[in-house]
Amino acid sequence: PIVIINGRSFTGVFPELLQAFADKKGYVLEYQVYPLKRQQFLYYSKDSAFDIRFPDNPYWDKELKQSYNLSYSKFSLPFTEGVIVLAENEGKITELTSLGTLRGFTVWPYKDEISSGKIKIEEADSIPSLLSMLLGGRFDGLYMSYDVANYFMKKLHPSRSIVLDKKFKIDSGSYFLSSLRNSKIVEEFDFFINDNQKLLNELKQKYNL
């Protein structure tokens with residue numbers, strides 16, 4: 001399905017998977033998309049109306065989460081993060097001086113270099129904006145999930161290509177579904193995934209995951 005939020009359309013494995021789950025359980029989904037810092041503030045506020053967060057990871061917002069008891073799904077989708085560059089620039093950057101990333105995202109593998117000022121960070125609120133900045137040469141590379149960046153690149157700039165430059169640090173992890181107030185939904189989601197492996201495999205193939 002195509003999800004419309006504030007006049008913008010969103011597609012991908014997450015909307016399709018969540019919509020299939022909601023249809024099965026009779027839930028009505030209402031999506032809200034915010035920059036990461038704003039999302040963190042709203043999700044953990046005492047008046048939060050959010051039932052679930054997807055994607056999430058126990059290591060994200062780790063210090064903030066210490067005060068809360070979150071439930072995480074057993075189901076997860078793996079991701080690989082690293083320095084993404086234009087294909088024609090692969091292996092040509094001798095030393096990183098600037099990285100682009102989503103606003104509020106912590107680039108853990110380069111945290112010391114960023115703190116010391118050796119690497120400058122350029123932030124944006126959306127992946128399309130970051131890709132435009134990469135194409136415009138605003139920074140050496142883009143740091144985020146390669147699969148996600150590549151999906152948007154093929155959709156928005158099909159004549160150009162990006163690669164994960166293995167010359168630099170690479171990190172891996174998993175995306176989970178989480179809930180701050182409703183562990184029942186998380187359990188139901190895991191049961192749904194267990195019973196719908198064919199759908200999951202089809203979505204992974206569709207989105208090259």
Side-chain angles (χ1 to χ4, degrees), residues 8 10-15 33-44 53-65 72 76-178 204 207-209:
R8 295 169 58 195
F10 293 82
T11 61
V13 63
F14 297 150
V33 176
Y34 298 97
L36 285 176
K37 287 185 178 180
R38 179 67 174 162
Q39 179 191 122
Q40 292 164 3
F41 172 77
L42 292 173
Y43 189 61
Y44 296 109
R53 184 186 186 188
F54 194 30
D56 200 354
N57 184 287
Y59 289 99
W60 298 351
D61 323 325
K62 194 170 183 179
E63 294 182 0
L64 181 61
K65 288 177 176 178
Y72 289 94
S76 64
L77 282 173
F79 66 81
T80 300
E81 295 176 343
V83 178
I84 298 166
V85 301
L86 297 175
E88 59 265 31
N89 294 331
E90 183 180 11
K92 295 181 180 179
I93 302 171
T94 57
E95 185 177 5
L96 287 174
T97 59
S98 58
L99 285 172
T101 194
L102 288 169
R103 195 177 308 282
F105 184 81
T106 302
V107 185
W108 291 107
Y110 292 97
K111 190 174 182 180
D112 291 341
E113 292 91 333
I114 294 168
S115 297
S116 67
K118 186 177 180 181
I119 294 179
K120 181 182 177 182
I121 289 293
E122 294 277 355
E123 295 182 318
D125 291 330
S126 71
I127 297 171
S129 294
L130 285 171
L131 290 174
S132 295
M133 293 165 71
L134 179 65
L135 288 168
R138 288 278 298 275
F139 36 71
D140 295 329
L142 168 62
Y143 193 93
M144 62 175 297
S145 165
Y146 173 74
D147 286 333
V148 175
N150 194 42
Y151 171 77
F152 279 94
M153 192 69 177
K154 288 182 177 180
K155 182 179 178 182
L156 300 173
H157 308 282
S159 65
R160 305 295 297 274
S161 298
I162 55 176
V163 297
L164 189 65
D165 198 327
K166 297 179 181 178
K167 181 178 180 179
F168 302 109
K169 300 174 185 177
I170 293 177
D171 194 17
S172 61
S174 295
Y175 295 127
F176 298 84
L177 178 140
S178 77
K204 285 181 177 180
Y207 293 103
N208 298 314
L209 297 177

OG on S116 to NZ on K111, rounded to 0.5 Å: 13.0 Å
Taking every heavy atom of A149 against every heavy atom of M144, the minimum-distance pair comes out as CB-SD, 3.9 Å
Give the minimum heavy-atom separation between K169 and Y143, together with the two atoms involved. O-CE1, 4.5 Å
Yes or no on side chain to side chain contact (heavy atoms under 4.5 Å, CB included) for K204 and L77, after CA distance, side-chain angles and deciding distance? CA-CA 9 Å; K204 285 181 177 180; L77 282 173; 3.6 Å; yes
Show every donor-acceptor pair shorter than 3.5 Å between a side-chain atom in residues 79-92 and any protein atom, with sequence neighbours excluded, or say none if there are none.
| residue | atom | partner | partner atom | Å |
| --- | --- | --- | --- | --- |
| E88 | OE2 | R160 | NH2 | 2.7 |
| K92 | NZ | E88 | O | 2.8 |

Using atom types as modelled and distance alone, determine if a side-chain donor or acceptor of N57 lies under 3.5 Å from a backbone N or O of S174. yes
Which of parallel (below 30°), tilted (30 to 60°) and perpendicular (above 60°) describes F54 and F14? tilted
Is the shortest distance from a Lys or Arg side-chain nitrogen in E123 or R103 to a carboxylate oxygen in the other one below 4.0 Å? yes
Report yes or no: does K167 contribute a side-chain atom to a donor-acceptor pair with the main-chain N or O of I93 at less than 3.5 Å? yes
Tabulate below the donor-acceptor pairs under 3.5 Å that side-chain atoms of residues 127-142 make, not counting sequence neighbours, or state none.
| residue | atom | partner | partner atom | Å |
| --- | --- | --- | --- | --- |
| S129 | OG | S126 | OG | 2.9 |
| S132 | OG | P128 | O | 3.2 |
| D140 | OD2 | T97 | N | 2.6 |
| D140 | OD2 | T97 | OG1 | 2.9 |
| D140 | OD2 | S98 | N | 3.1 |

dist W60:CH2 -> K65:NZ (nearest 0.5 Å) comes out at 8.0 Å
Measuring from W108:CH2 to I114:CD1, what's the distance to the nearest 0.5 Å? 10.5 Å
Would you please name every residue forming a ring pair (Phe, Tyr, Trp, His ring centres under 6.0 Å) with F168, sequence neighbours left out? none
